[in-house]
Amino acid sequence: MSIARNIKKIRTDADMTQEEFGEVAGVSAMAVSQWENGRAVPRMGAVQRIADYFKISKGAVIDEEPLHLPNGALMPSQSEVAYAPLLGRVHAGDAQEPDVLDERIPLPAEVYDAHPSAYFLQVEGQCMSRVYPEGCHILIDPSQEPRNGSIAVVSIDGSDYVMRRLYRGATTLVLSPDSWEDGFEDIVIRDSDDHTVEFHGTVVWFQSSKEME
C-alpha cells in the first residue's frame with residue numbers, strides 16, 4: 001500500500017475529515033489532500049504525530065506495505081479543540097519589541113481549560129532552539145509565576161521582550177539561552193543595574209508551526 005493510501009485509510013477508518021486529520025498531523029487540510037493524492041509526502045514530524053495519536057508505528061504510515069490494525073481495535077476519538085489568541089511574536093535572541101498580531105491558534109481543549117488566561121506568541125530566532133524552534137507558537141500563562149529553570153517571557157525596560165530560561169538569585173536575574181547554536185550569551189540583570197524587568201508569564205505548552213508540503 002502506498003503512503004497516500006495508508007494515510008487515506010487511517011483517516012477514513014477514524015471517520016475524520018481532512019481538516020480534522022490535519023489538526024492531528026499539524027498541517028492544513030490542503031496538505032492532507034496533497035498527501036492522499038500522491039502529490040506530496042508528509043515530513044517525519046507529521047508522521048510521528050500521526051503515529052502517536054493513533055498508537056501505531058511510523059512504518060504503518062509510510063511503509064509500502066498493507067496497513068494492519070489489531071482486530072477489534074478502536075480508533076481514538078479526537079480531542080476537542082479550543083482556540084487561544086496569538087498576540088504577537090517574541091524574539092528568542094536579543095530582546096526586542098514584539099510585533100502585534102490578531103489571530104487565533106487551535107489547541108487541545110484540556111490545555112485551554114487548565115490555562116484559560118493564556119495566549120500564544122510566535123517564536124523568532126534560534127536562542128531556544130533546543131526546546132522551541134523558530135516559527136512555533138508558545139502558549140504563555142500570565143498567571144503562572146516562573147520558577148528557577150522555567151522558560152519565561154519577560155520585558156526589559158517596558159518594551160523589549162525576550163524568551164529565555166530564567167534563574168533568580170538573591171540579587172541577580174539570569175536569562176539563559178538553550179540553543180543548538182553557539183554565540184548566544186546569558187542576559188544578566190543585577191539589582192544595582194538601572195533596568196526594569198516585568199514577567200509576562202511562563203511557557204506552558206507549544207504548537208509546532210504548520211507544515212505545508
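These numbers come from the heavy atoms of this one structure, side chains and all, not from hydrogens, waters or symmetry mates.
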**Asked** Can you name the residues that form a salt bridge (Lys or Arg N to Asp or Glu O under 4.0 Å) with R168, not counting sequence neighbours?
**Response** E145

**Item:** With sequence neighbours excluded, residues passing side chain to side chain donor-acceptor pair (under 3.5 Å) with D193
**Value:** none

**With Q18 via side chain to side chain donor-acceptor pair (under 3.5 Å) - residues at least two apart** = E36

Review item, side-chain donor-acceptor pairs of residues 181-189, under 3.5 Å, at least two apart:
{"residue": "D186", "atom": "OD1", "partner": "S176", "partner atom": "OG", "Å": "3.0"}

**Prompt:** For S143, which residues count as a side chain to side chain donor-acceptor pair (under 3.5 Å) partner, sequence neighbours excluded?
**Reply:** D141

**Residues that S129 engages under side chain to side chain donor-acceptor pair (under 3.5 Å), provided they are two or more places apart** = S179

**Asked** salt bridge (Lys or Arg N to Asp or Glu O under 4.0 Å) with R147: which residues, sequence neighbours excluded?
**Response** none

**Request:** Please name all residues satisfying salt bridge (Lys or Arg N to Asp or Glu O under 4.0 Å) with D52, sequence neighbours left out, ordered by chain then number.
**Result:** none

**Asked** Listed by chain and number, what are the ring pair (Phe, Tyr, Trp, His ring centres under 6.0 Å) partners of F206, not counting sequence neighbours?
**Response** Y132

**Asked** Looking at residues at least two apart in the chain, or sitting in another chain, which of them share a ring pair (Phe, Tyr, Trp, His ring centres under 6.0 Å) with H200?
**Response** Y161

**Any donor-acceptor pair under 3.5 Å from E134 side chain to G125 backbone** = yes

**Asked** How would you list all residue pairs meeting salt bridge (Lys or Arg N to Asp or Glu O under 4.0 Å) that involve residues 113-123, not counting sequence neighbours?
**Response** none

**Request:** Tell me, please, which residues at least two apart from E198 pass salt bridge (Lys or Arg N to Asp or Glu O under 4.0 Å).
**Result:** none

